[in-house]
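All chains are named by letter (A, B, ...) in the order of the sequence lines, taking the proteins before the strands, and each is independently numbered beginning at 1. Note that the structure is a prediction, hence the values are computed from the model and not measured. Only heavy atoms go into these numbers, but all of them, side chains included; no hydrogens, no water, no symmetry mates.
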Number of protein chains: 2
Amino acid sequence: MATTIDDVARAAGVSTSTVSYVLSGKRPISAPTRQRVERAIRELGYRPHAGARALASSRTNVLALMAPLRVDVNVSVIMQFVTGVVTAARAYDHDVLLLTADEVAGMERVASGSMVDALVMMDIEADDPRVPVLVGLRQPAVLIGLPRDPEGLSCVDLDFEAAGRLAVRHLARRGHRRVALLGSPRAVLERHTSYADRMLRGFTQEVADAGLEGVTEPCESSMAGAVEAVDRVLERLPDVTGLVVHNEVALPWVVATLRERGRHVPDDVSVVAVCPPDVATNQPLPLTSVDIPAHTIGKVAVEMAMARVEADEPAETRLLAPVLVERASTGTVVG
Amino acid sequence: MATTIDDVARAAGVSTSTVSYVLSGKRPISAPTRQRVERAIRELGYRPHAGARALASSRTNVLALMAPLRVDVNVSVIMQFVTGVVTAARAYDHDVLLLTADEVAGMERVASGSMVDALVMMDIEADDPRVPVLVGLRQPAVLIGLPRDPEGLSCVDLDFEAAGRLAVRHLARRGHRRVALLGSPRAVLERHTSYADRMLRGFTQEVADAGLEGVTEPCESSMAGAVEAVDRVLERLPDVTGLVVHNEVALPWVVATLRERGRHVPDDVSVVAVCPPDVATNQPLPLTSVDIPAHTIGKVAVEMAMARVEADEPAETRLLAPVLVERASTGTVVG
DNA sequence: CGTTGCCGTCGAAGCGATTCGATGCTCGGG
DNA sequence: CCCGAGCATCGAATCGCTTCGACGGCAACG
């Protein structure tokens, strides 16, 4: 079990460095030698010791992922980010160390302890306190989200601003003149979480540009929160005809509440959801939605991180263009 | 940045071993010396190199968590397991390496590569192919779930069998004679996933013991699946009065479908959910439920793993007793 | 036929910690 | 006054791997 590279070398009748080069491919090894070594590796069931490797090469083949593991919001979206990151990391022969967002010291610990080659951070806020810390680290970091000042870090996310505009434009084109945004919970907005801020901005701007009438309401991630938010919207803008909903958990309750208040979807009110496609389709009425490609974003984040690990390319910011899929929840305003 | 233990030793005017002993506390160090060393550590911002430490001590302070990151089922439960594991691990000064369940080779990789001190596996099946592999590893493993034969591994889980009995007994005590179980998706059952099997067994046995009439139906985790499952139950047992639902995602649709089919909850049909409390309460009607204490289970799993790392205690199996909380969805059958 | 140059392999020096014996003190007891 | 026992500290070996310079042999070249 505790076989070392020396055991392999002995078994294959070569030096340890030769074994190492067979493994890494960093120097040419003749075919016969390579085969002898590979056979020895196989027969002994040899695996290099990760710690020793990290020590000698100063590469750990691990990357840190800091995820908001609170249960409050969009759990399924988070899950998709995480799977995206994990599977992409494996493609680069890396494993993923999971850090929780409430442990800010964690990233310093794993980074200065040389436990990881790079860091991926989710749930970025406008003035995220983690950003300055990340800047000082030896390892590259990728932010999923967009702080006010990236300070030279790489960022990737859905272009939520464009997503907001897109949703409004979709409604406007269908003749809607009074629209509302049911957004993130108040706490998320007050933290100035990047995606919530940008969504709000995109919505507001397009409403203004298109000369529409619009209101925005925060929405807690619960049934009660959804009911309350819908009622507030109906109170502030009684003849609203278009609703943009950016809150997974509230989504089903929003639609249900509208119906209870006598508004039929899509005949009276059109609904555009901003969520992963599976959430949009797994509703009584399949919802027109702007996709949140969480899995892809996670994957891209890893790719950007790896690019900076392998060749220290400059940081960049990538915003994925939103895509709207029309389903059964949006219609045209007649008259 | 790249400060080593030697830098610290030099700055404090002591030998490297002294610094090491200050850090680990494994040998007595006089107060003045300790303070000089601690000061040097602080001023240099020194952190031990994880790889070097792992190499020398053969302890990595990392544990592996294998989680089913498919999006299909009970995402929020999984999330709670994960947070439970991560926070508990931190209490033991460990970090968590996240493995996906679809990569069975992963656990061998991280274990024989000495990347982790222990492994925690979620989503165990009756004849889980991972079990024999885990048995052969150097590191201890803890299963969340109960395979047919644990082969000397530690196991921990909610006692789902007792949970099933408890739910049925609750209904029986209230006069229900015809009950049904809406369980896991067919795929989960066919894999003989531990919790689903045991739930089913507990339900079935208690139905028999109490002399009730009972049917069980699998239930896909979607709205369509819930509707279908409810309809099947109503077809097989038209005058059913008690329903045990063990499927987070389907839960809201089950209740909604019952209402649509003209059965009022709890007047016509009582519903007992098996899920975390927050899911049960965040419904239009607060649901009587048997709690799934995912966070606690994750925590216990880590504690068991750490116990075996630090002192190799024998393996044990721990089943947490279920607790039923009565809310608004269950009533008494009159007449 | 003697060089030059390249290819494949080896040896040894780290990487940054832990840990075990050894050592120099001081202190108390005989 | 000397010796043994502790206590605090040190030195050196060790963990398992990577990597760089060196080296032997063979082919091609003049």
Quick check: do B:Arg191 and B:Val188 have side-chain heavy atoms less than 4.5 Å from each other? yes
Do any side-chain nitrogens or oxygens of [X] fall under 4.0 Å of OP1 or OP2 in [N]?
X       : N      : answer
A:Lys26 : D:dT19 : yes
A:Arg53 : D:dT18 : yes
B:Ser20 : C:dT18 : yes

What contact category does A:Arg59 fall into here, base, sugar-phosphate, or nothing, at under 4.0 angstrom with non-hydrogen atoms? nothing
Salt bridge (Lys or Arg N to Asp or Glu O under 4.0 Å) pairs touching residues 10-19 of chain A, sequence neighbours excluded, are A:Asp7-A:Arg10
For residues 15-26 of chain B, which residue pairs qualify under salt bridge (Lys or Arg N to Asp or Glu O under 4.0 Å), counting only residues two or more places apart or in two chains? none
Taking the axis from the first five pairs and the axis from the last five, what angle separates them in the helix from C:dC1-D:dG30 to C:dG30-D:dC1, rounded to 10 degrees? 50°
Provide, to the nearest angstrom, the distance between the [atom1] atom belonging to [X] and the [atom2] atom belonging to [N].
X        : N      : atom1 : atom2 : result
B:Met115 : D:dG16 : CE    : C1'   : 15 Å
B:Ile5   : D:dA12 : CD1   : C1'   : 14 Å
B:Arg36  : D:dA8  : CZ    : P     : 14 Å
A:Asp6   : D:dC15 : CG    : P     : 9 Å

Mind checking what makes side chain to side chain donor-acceptor pair (under 3.5 Å) contact with A:Asp117, not counting sequence neighbours?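 Once residues adjacent in sequence are excluded, the partners of A:Asp117 under the side chain to side chain donor-acceptor pair (under 3.5 Å) criterion are A:Arg59, A:Thr60.
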Can you sort out the partners of B:Asp159 under side chain to side chain donor-acceptor pair (under 3.5 Å), two or more places apart, ordered by chain and number? none
Report, as a single string ordered 5' to 3', how protein heavy atoms within less than 4.0 Å touch nucleotides 8-15 of chain C: B base, S sugar-phosphate only, - not at all. SBBB--BB
With sequence neighbours left out, which residue pairs that include part of residues 293-304 of chain A fulfil the side-chain hydrogen bond (donor to acceptor under 3.5 Å, both in side chains) condition?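 Residue pairs passing side-chain hydrogen bond (donor to acceptor under 3.5 Å, both in side chains), neighbours aside: A:Thr83-A:His295.
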Going by side-chain hydrogen bond (donor to acceptor under 3.5 Å, both in side chains), name the pairs with one or both residues in residues 141-152 of chain A, residues two or more places apart or in two chains. A:Asp127-A:Arg148
Using the test salt bridge (charged side-chain N to carboxylate O under 4.0 Å, His left out), find all partners of B:Arg198 that sit at least two apart in sequence or belong to another chain.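 Partners of B:Arg198 by the salt bridge (charged side-chain N to carboxylate O under 4.0 Å, His left out) criterion, ordered by chain and then number, come out as B:Asp157.
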Rounded to the nearest 0.5 Å, what's the gap from CG on A:Leu65 to CG on B:Leu98? Could you check?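 It is 8.0 Å, given to the nearest 0.5 Å.
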